Amino acid sequence: MKTMRFSGIILALPAIAALMGTGVATTAAIAQQKQSSMSALKGHNSNAPIDLSADRLEVQDRADRAIFAGNVHVKQDELTLDTTRLTVAYSGGSQQAGGVQIRRLDAAGGVTVHSPSETAKGDFGIYDLDKKLITLIGAVQLNRGDNQLNGSRLVIDLDSGRAVIDGGPPGVNSSGGRVSGHFTVPQKKTQ
């Protein structure tokens, strides 16, 4: 069974904090910080079991999908996902010896994803297990400690460890396609 993981996704925060805190950061320090953050996503365990609970379940076996609704909670390893509605697309089933293979998870109604070091929120979430991509769409907010990034879409490639936040197109009540952030910086000791 394939699974999901969401960890170490704010790749640029250590480098930005280092730049802001010291005025100038060495390339080696930035590379080291970026590499240590990136390694948490690389080689993620796609075989860990997924535990799921909800108020209601509807199985649409001919369509190879299951719809979980109401207080949906998904847990895989150290990752949790909470949403109002989750559609699970699968293949296989009882007629195949391998059993059900989850292909994709689509979350709607507000999505919150927690890992040990980050929390990400969005209006919708898609986890494509075959492509190993996690995507959050709509009013995306990514938090790590006191640091925060905001945008319209977040895409995480679990193979490469690359995370991209887009601002999205300009529209009504939007920031005009911009990504925004708030970062804390290390306090210098005064002498």
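On a predicted model such as this, the values are computed, not experimentally measured, just so you know.
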Item to check | Verdict with reasoning, His114 to Thr119, per side-chain hydrogen bond (donor to acceptor under 3.5 Å, both in side chains) | outcome: CA-CA 5 Å; His114 295 281; Thr119 299; 3.1 Å; yes
Checklist outcome for this item: Contacts of Ala54 meeting side-chain contact (heavy atoms from CB on, under 4.5 Å) (sequence neighbours excluded), chain-then-number -> Phe68, Val72
Checklist entry - Can you check salt bridge (charged side-chain N to carboxylate O under 4.0 Å, His left out) on Lys75 and Asp51, steps first, answer last? => result CA-CA 5 Å; Lys75 182 170 179 17; Asp51 296 318; over 6 Å; no
Checklist entry - How far does CG of Leu136 sit from OG of Ser152, to the nearest 0.5 angstrom? => result 11.0 Å
Item to check | Non-neighbouring partners of Asp106 that pass salt bridge (charged side-chain N to carboxylate O under 4.0 Å, His left out), sequence neighbours left out | outcome: Arg104
Checklist entry - Can you check whether His73 reaches Thr80 side chain to side chain, under 4.5 Å on heavy atoms? => result yes
Checklist entry - Looking at CG of Asp64 and CD of Gln101, how far apart are the two atoms once the value is rounded to the nearest 0.5 Å? => result 12.0 Å
Checklist entry - With Asp166, which residues qualify under side-chain contact (heavy atoms from CB on, under 4.5 Å), at least two apart? => result Arg153, Val164
Item to check | Spacing of Gln141 atom CD and Lys121 atom NZ [to the nearest 0.5 Å] | outcome: 5.5 Å
Next on the checklist: With a 6.0 Å cut-off (strictly less than), is the heavy-atom count around CG of Asp55, excluding the residue itself, greater than 12?
Outcome noted: yes
Checklist entry - Hey, what else clusters with Leu133 if you join Ile, Leu, Val, Met, Phe, Trp, Tyr whenever side-chain heavy atoms sit under 4.5 Å? => result Val155
Checklist entry - Does Phe183 reach the side chain of Leu149, with side-chain heavy atoms less than 4.5 Å apart? => result yes
Checklist entry - Should Val140 and Phe124 be counted in the same cluster of Ile, Leu, Val, Met, Phe, Trp and Tyr side chains packed under 4.5 Å apart? => result no
Checklist entry - Taking the side chain from Thr83 and the backbone from Gly110, do they hold a donor-acceptor pair closer than 3.5 Å? => result yes
Checklist entry - Do the non-hydrogen side-chain atoms of Tyr127 and Val111 ever get within less than 4.5 Å of each other? => result no
Next on the checklist: In the structure I gave you, are the side-chain heavy atoms of Gln187 and Val185 within less than 4.5 Å of one another anywhere?
Outcome noted: yes
Item to check | For Thr84, side-chain contact (heavy atoms from CB on, under 4.5 Å) partners two or more places apart | outcome: none
Item to check | Given Leu81, Asp128, Leu52, Leu129, the one that forms side chain to side chain contact (heavy atoms under 4.5 Å, CB included) with Leu105 | outcome: Leu129
Checklist outcome for this item: Rounded to the nearest 0.5 angstrom, the CG-OG distance for Asp82 and Ser53 is 8.5 Å
Checklist entry - Does Gln60 have any side-chain contact (heavy atoms from CB on, under 4.5 Å) partners at least two apart in sequence or in another chain, and if so, which? => result Glu58, Ala63, Arg65, Ile67
Checklist entry - Any side-chain heavy atom of Ile126 within less than 4.5 Å of one from Ile137? => result yes
Next on the checklist: With a 4.5 Å cut-off on side-chain heavy atoms, are Thr135 and Leu154 touching?
Outcome noted: no
